[in-house]
Number of protein chains: 2
Amino acid sequence: MSTNPRGPVSRRERPAKPALSREGIVATAVAVMRAEGLEKVTMRRLAQELDTGAASLYVYVANMAELHAAVLDQLLGEVELEPSGETWRDRLAGVLASYTDVLLQHPALARAAISVRPAGENYLHLVERILALLLEGGASRVQAAWGVDLLLQLATASAAEHSTRLQSGSSEAEWDALTHTVREAPGETYPNLHALAGELLSGSPQARFDWFFGVLVTGILRTPSDPRSS
Amino acid sequence: MSTNPRGPVSRRERPAKPALSREGIVATAVAVMRAEGLEKVTMRRLAQELDTGAASLYVYVANMAELHAAVLDQLLGEVELEPSGETWRDRLAGVLASYTDVLLQHPALARAAISVRPAGENYLHLVERILALLLEGGASRVQAAWGVDLLLQLATASAAEHSTRLQSGSSEAEWDALTHTVREAPGETYPNLHALAGELLSGSPQARFDWFFGVLVTGILRTPSDPRSS
DNA sequence: ACCTGAACACCGTTCAAGT
DNA sequence: ACCTGAACACCGTTCAAGT
C-alpha cells in the first residue's frame, strides 16, 4: 500500500480540474472558434468546456465584447509581419494580405473586428510594423499614423464584407440577386449604373484588393494633412 | 337600430387590425429603431407591435438579415444626394458626409451595414449619384465603378467604428485605455508607435474624415486598374 | 476571493394545427 | 394562403448563497 505523499487520492475519474484563469478562458475560446466558429463561443459553452458555470467566467472577463477583443488579438499573432518582397510596398501589401487572410478564415471575427479595439500585444506589433513600412516609403509622421488607420480599416471592412458572402448559406442566391438588380437597373432612372454594370461587377477579389491597396498607398503619400490641424 | 351595411359591428375595442404586409413590417421596424435602437427590432417585438405572433412575420420576410437590409435601405432615403458645393469634389464630400451622418445616428445599423447588401431603391440612387460625381471628376469607367465600392466601404467602416465608441457605455473608459496603451508602449519594443503616439491619437473626427476623403479621391483618380484585368 | 445554481429577461426560427 | 400558439434550442448577465 503505497501512500501518495501529496495526500489522499480522490476523484480519480478525470484529471484535477485546472484552476480558472483569464488565459485559460481565452485559449478555450480560441479553440472553440477554430473548431466551430465564433457563433459557438458563448459564455455558457465556454463554461461547459471548462467544467464550471457561466457566472464564474465573469471573475476574469468583463463581458462578451472584451472576450471577443482578446480572441481577436490572439488571432493577430498569426499575421505574417515579415513577408518577402523587394520593396517596402510589396512587403506592406504582404502584411495586409496576411491580415486579411487571417480574418477571412474566421468570418464572424472579421465582423467583430470592426467595432472591437484589440489593445493587445499582437495588435500593437501589427501597427508598429505598418508604421515602419509607411515611414520607409517616405510618409510623413501624420501620413503614417493616419495611414495605418485607413489601411487597417479598409482591410477589415473588406474581409467582413467578403466573409459574409462566403459563409451565409444564401451567399450564391444573394449575389445573383445583386447581379440581377444591377444588370436590370433601368437606364432612364439609373443611367450610370446601367452603363457601368459590367465594371461594377468585374474584377476578381485579388484584382480589387490590389487596386484598393494601390489607391490607398498612392493617396496616403500624396495627400498632405490639413495644415490647420498640424 | 341602424344597421351597418358592411356587416355586424364586432370587436369595437380597437380600430380593425390592419392586414400584415411587408411594407407595414418594415415601417414598424424603422419606427422601433428610431425610438429605441436596432437592438430592440426583434421579431417578437415587431409582432407585438403589429398585434400578431412572431411566426406570422415569416410570411413576408425571410429572416432577420433581410429585414435589416430593408431597414437600411429605408434609412438611405435620408441621404442628401444634391448637397451644395462649387465643385464635383465638394459635392461628393457632401454626399459621403451625409451618408456617414445617417449611419452615425443609428449605431447598430452602421455595424449591420457592413455585412448587409441593401439592394433597394435608395441604395441604388446613392450608387448612381456617386458614380456620376466620380465620372464628372474625370474617373475612368473602372475607376468610378470600383471607386464607389471603396468610398462606401470606408465611410461605412468609419461610421461603424465611431458609433461603437459613441454608444457603448464603456466608451470613455475604453478610449482612455487605448490612449494609455499607446502612450505607454515601450520605446524598445515599439519604436515607431512610441515616437508617433501623438500623431496616432491626433485629429478631430472631422479632420480625419477630410483627410481620408482626400486620400481616396486622389488615389482613385491616379491609380489605373490593373491592365491585365481590363 | 472565488465559485455556483438558479433565476431574469430575453432571442430566432420551425411546425402542426387551424381558418 | 395566411395566421397562430406553442415549442425547440438557445442567449448574456446578475445575484444570493456557499466555500
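Everything numeric in this text was worked out from a predicted model, so none of it was measured. Residue numbering restarts at 1 for every chain, and letters A, B, ... go by the order of the sequence lines.
- Nearest to the side-chain atoms of A/N63 among the listed nucleotides D/dC3, D/dT13, C/dC11 stands D/dT13.
- In this pair, B/H125 and A/Y190 present their aromatic rings tilted. The plane angle is within the 30 to 60° band.
- We find that CD of B/Q48 is positioned 16 Å from C1' of D/dG5, with the value rounded to whole Å.
- When rounded to the nearest whole Å, the span between CG of A/L46 and P of D/dT13 equals 12 Å.
- In terms of phosphate contacts, A/Y60 brings a side-chain nitrogen or oxygen within less than 4.0 Å of OP1 or OP2 of C/dC3.
- Rounding to the nearest 0.5 Å places CG of A/L200 at 12.0 Å from NE2 of A/H194.
- One can place CE of B/M64 at 15 Å from P of C/dC10, the figure rounded to the nearest angstrom.
- In this structure, the CG atom of A/L57 is 11 Å from the C1' atom of D/dG12, given to the nearest Å.
- For B/K40 and C/dA9, the NZ to P distance is 13 Å, given to the nearest whole Å.
- Here the C1' atom of nucleotide D/dC10 and the CD atom of A/E36 are 15 Å apart, to the nearest Å.
- Rounding to the nearest 0.5 Å gives a distance of 4.0 Å between CG of A/L75 and CE of A/M33.
- Counting only heavy atoms from C-beta outward, the side chains of A/I130 and B/N192 never approach each other to under 4.5 Å.
- Remark: C1' of D/dT14 and CE of A/M43 are 13 Å apart, rounded to the nearest angstrom.
- Within 4.0 Å (heavy atoms only), B/T42 reaches sugar-phosphate atoms of the nucleic acid but no base atom.
- With pairs defined as Watson-Crick or G-U wobble and both atom distances under 3.5 Å, the stems of at least three pairs that touch DNA chain C come out as C:4-8 with D:12-16, C:12-16 with D:4-8.
- When each of A/A19 and B/A54 is assigned the nucleotide of DNA chain C bearing its nearest heavy atom, the one mapping closer to the 5' terminus is A/A19.
- The side chain of B/S56 lies closest to D/dC3, out of D/dG12, D/dC3, C/dC3.
- In this structure, the side chain of B/R208 engages the main chain of B/S202 through a donor-acceptor pair within 3.5 Å.
- One can place CG of A/L20 at 11 Å from P of C/dC2, the figure rounded to the nearest angstrom.
- Partners of A/R44 according to the side chain to side chain donor-acceptor pair (under 3.5 Å) rule, which considers only residues two or more places apart in sequence or in another chain, do not exist here.
- C/dA9 sits 24 Å from D/dA9 when the P atoms are compared, rounded to a whole Å.
- Here the nucleotide nearest the side chain of A/A55, chosen from D/dC2, D/dT13, D/dT14, is D/dT14.
- In the model, A/D210 has a side-chain atom that pairs as donor or acceptor with a side-chain atom of A/Q206 under 3.5 Å.
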